[in-house]
Amino acid sequence: FVLVAGMLGREYDLNHIVSLTVLAILAFAPSQLFDIGFQLSVVTAWGLVLLVKPAAALFARWHNRFWYRWLVFPAIVSVVAQLCSAPLIAYHFGTVPLATLPANLIVVPLTSLAVVLLMVLLLGHLLLPLLGFFIGTLVDPVLKLLMTSLVWFRSFDLPTLDIGRLSHVSTAGLWITAYFVLLIISIFALTRRPLR
């Protein structure tokens, strides 16, 4: 949706795009609502839409610096994604990884590049199948590098916070809801004086 809006020269609201994406997926496959991957994707996407901009505003005077664009901003995205996904990971798996920032600084840009290249591959294949084949030869090394980096980071014994399985669903739901509310209020409070 973002790419189509960009190609049409239309303004877009990321919150609306996430909402439309969720509705489109659930319209075709309502059972996705109970899929862990879907839940994590939606919570993380909305977290990024809602929280990255206010968090990045804390570094507004450095936005044009090289080190901000290539180190600080990806770190902000990684930390926000981790904060948003942590309650669901804890709920479903009983553990939360604590050292994902180094992995995300490599994996997230590679994943973003892979997604863009796959969209170009799809467009190229629709226009001319042979063009799609050529673009596929460019996508393949990126995907292999992404998989290799995932396996490499998985080989480390990174620290985790083990909390065990949550026994009461209603209690867990309350804790997760309270966590997200406090997280959102905290981020907005950092950037808006009236909220403080």
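None of these values were measured; they are calculated from a predicted model. We number each residue from 1, following the sequence as shown.
- Residue Val108 is not grouped with residue Leu48 when hydrophobic side chains (ILVMFWY) are merged at heavy-atom distances under 4.5 angstrom, including chains of intermediate members.
- For the atom pair Asn64 CG and Arg61 CZ, the distance stands at 13.5 Å (nearest 0.5 Å).
- Around the CZ atom of Phe38, the shell of radius 6.0 Å holds more than 12 heavy atoms that belong to other residues, nucleotides or ligands.
- If you take CG on Leu105 and CG on Leu110, they are separated by 11.5 Å, rounding to the nearest 0.5 Å.
- Both Leu58 and Leu83 sit in one connected hydrophobic cluster of ILVMFWY residues. Membership requires side-chain heavy atoms under 4.5 Å apart, directly or through other members.
- Nearest heavy atoms, Gly132 versus Leu121: O-CD1, 2.8 Å.
- Within the 4.5 Å cutoff, the side chain of Tyr68 has heavy atoms near those of the Ile76 side chain.
- Using a 4.5 Å heavy-atom threshold, the side chains of Val142 and Leu146 count as separate.
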Pair Gln32-Gln39, side chain to side chain contact (heavy atoms under 4.5 Å, CB included): steps then yes or no:
CA-CA 8 Å; Gln32 287 293 311; Gln39 293 172 7; over 6 Å; no

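- For Pro97 against Ile89, the heavy-atom pair with the smallest separation is CD-CG2, 4.0 Å.
- By the 4.5 Å heavy-atom criterion applied to side chains, Phe93 and Leu88 are not counted as neighbours.
- Rounded to the nearest 0.5 Å, atoms CH2 (Trp46) and OG (Ser41) are 12.0 Å apart.
- At a threshold of 4.5 Å between non-hydrogen side-chain atoms, the residues Leu51 and Cys84 count as touching.
- Criterion: ILVMFWY side-chain heavy atoms under 4.5 Å apart, direct or through other members. Under it, Leu143 and Val107 are not part of a common hydrophobic cluster.
- A tilted orientation is assigned to the rings of Trp67 and Trp62, their planes being inclined by 30° to 60°.
- Asp140 has its side chain within reach of Lys144: a pair of non-hydrogen atoms, C-beta onward, lies under 4.5 Å apart.
- You'll find the side chain of His125 stays beyond 4.5 Å of the side chain of Leu131, heavy atoms only.
- Distance CD1/Ile135 to CG/Leu123: 7.5 Å, rounded to 0.5 Å.
- Following chains of ILVMFWY side-chain contacts shorter than 4.5 Å, one can reach Val80 starting from Phe59, so the two form part of one hydrophobic cluster.
- In this structure, Leu33 is a member of the same hydrophobic cluster as Val18, with clusters built from ILVMFWY side-chain heavy atoms closer than 4.5 Å.
- Atom CG in Leu23 sits 11.5 Å away from atom CZ in Phe28 (nearest 0.5 Å).
- When side chains are defined from C-beta on, Arg69 does not count as touching Pro74, because their heavy atoms never get closer than 4.5 Å.
- For the atom pair OG1 of Thr111 and CG of Leu118, the computed distance is 10.5 Å after rounding to the nearest 0.5 Å.
- Two residues are said to be in side-chain contact when any heavy atoms from C-beta on lie closer than 4.5 Å; Leu71 and Phe66 fail this criterion.
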